[in-house]
Amino acid sequence: MLVDMPLEKLREYRGRNPKPTDHVEYWARALAELDSTPPEIEIVPSEFTVPHADCSDLFFTGVGGARIHAKLVVPKGAKSVPAIVHFHGYTGSAGDWSNYLGYAGAGFVNAALDCRGQGGSSEDTGGVRGNTHRGHIIRGLDDHED
């Protein structure tokens with residue numbers, strides 16, 4: 001195994017960048033914005049169908065007014081079952097419906113989010129229209145604190 005410091009030190013390591021002094025205030029503003037954003041939830045049945053699950057496109061409004069998309073797969077006849085929320089990797093998307101059918105067959109509701117600005121259908125209203133795809137992780141690093 002290749003690591004850049006001993007395991008004992010890695011367990012205590014907190015990173016090189018100090019937390020900004022206004023971190024608590026920033027999160028208070030961010031959560032207040034989230035709480036004041038009406039979700040405007042919309043569930044649209046998908047053209048993709050299978051016998052054991054209902055497949056739908058789930059849309060909701062996120063902060064900044066962005067419309068967010070997720071693939072929603074619900075086992076047929078589900079009343080109250082556990083759920084799994086899937087977040088894809090950087091520059092990805094929710095992928096194909098078939099990725100979630102096994103979970104539905106095992107009795108789990110699935111919501112596979114298209115993370116904003118990446119390869120999926122969600123909007124990124126953070127100053128850039130469409131996909132930001134590359135550079136998303138560092139965009140805004142030297143901008144205003146929000």
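Residues A112 and A94 share a closest heavy-atom pair of O-CB, 3.4 Å. Closest heavy-atom contact between V44 and E42: CG2-OE2, 3.6 Å. Scanning both residues, P45 and S56, for their nearest heavy atoms gives CA-OG, 3.8 Å. The shortest non-hydrogen separation linking D57 to F59 is CB-CE1, 3.6 Å. Summarising the geometry of A53 relative to A104, their closest heavy-atom pair is CB-CB, 3.9 Å, with the distance given to 0.1 Å.
Contacts classified as side-chain hydrogen bond (donor to acceptor under 3.5 Å, both in side chains) and involving residues 45-54 (residues at least two apart or in different chains) are given here: D54-K76.
Between Y103 and H86, the distance separating the two ring centers is shorter than 6.0 angstrom.
In the hydrophobic clustering of this structure, F87 groups with V109; members are Ile, Leu, Val, Met, Phe, Trp, Tyr whose side-chain heavy atoms approach within less than 4.5 Å, directly or through other members. V74 and L113 fall within the same hydrophobic cluster, where Ile, Leu, Val, Met, Phe, Trp and Tyr residues are linked whenever their side-chain heavy atoms come under 4.5 Å apart, directly or through other members.
Here the straight-line distance linking atom CH2 of W97 with atom NZ of K71 works out to 5.5 Å at 0.5 Å rounding. Atoms CE and CD, from M5 and E12 in turn, are 10.5 Å apart once rounded to the nearest 0.5 Å. Here the CD1-CZ distance, from I41 to F60, works out to 8.5 Å after rounding to the nearest 0.5 Å. With rounding to the nearest 0.5 angstrom, the CZ atom of R29 is 6.0 Å from the CG atom of D22.
At least one side-chain heavy atom of L101 sits under 4.5 Å from a side-chain heavy atom of V50. L72 places none of its side-chain heavy atoms less than 4.5 Å from the side chain of N110.
When each of I68, L31, L34 is tested with V63 by the rule side chain to side chain contact (heavy atoms under 4.5 Å, CB included), just one qualifies, namely L34.
Every residue meeting the side-chain hydrogen bond (donor to acceptor under 3.5 Å, both in side chains) condition with T61, not counting sequence neighbours, appears here in chain and number order: E40, R67.
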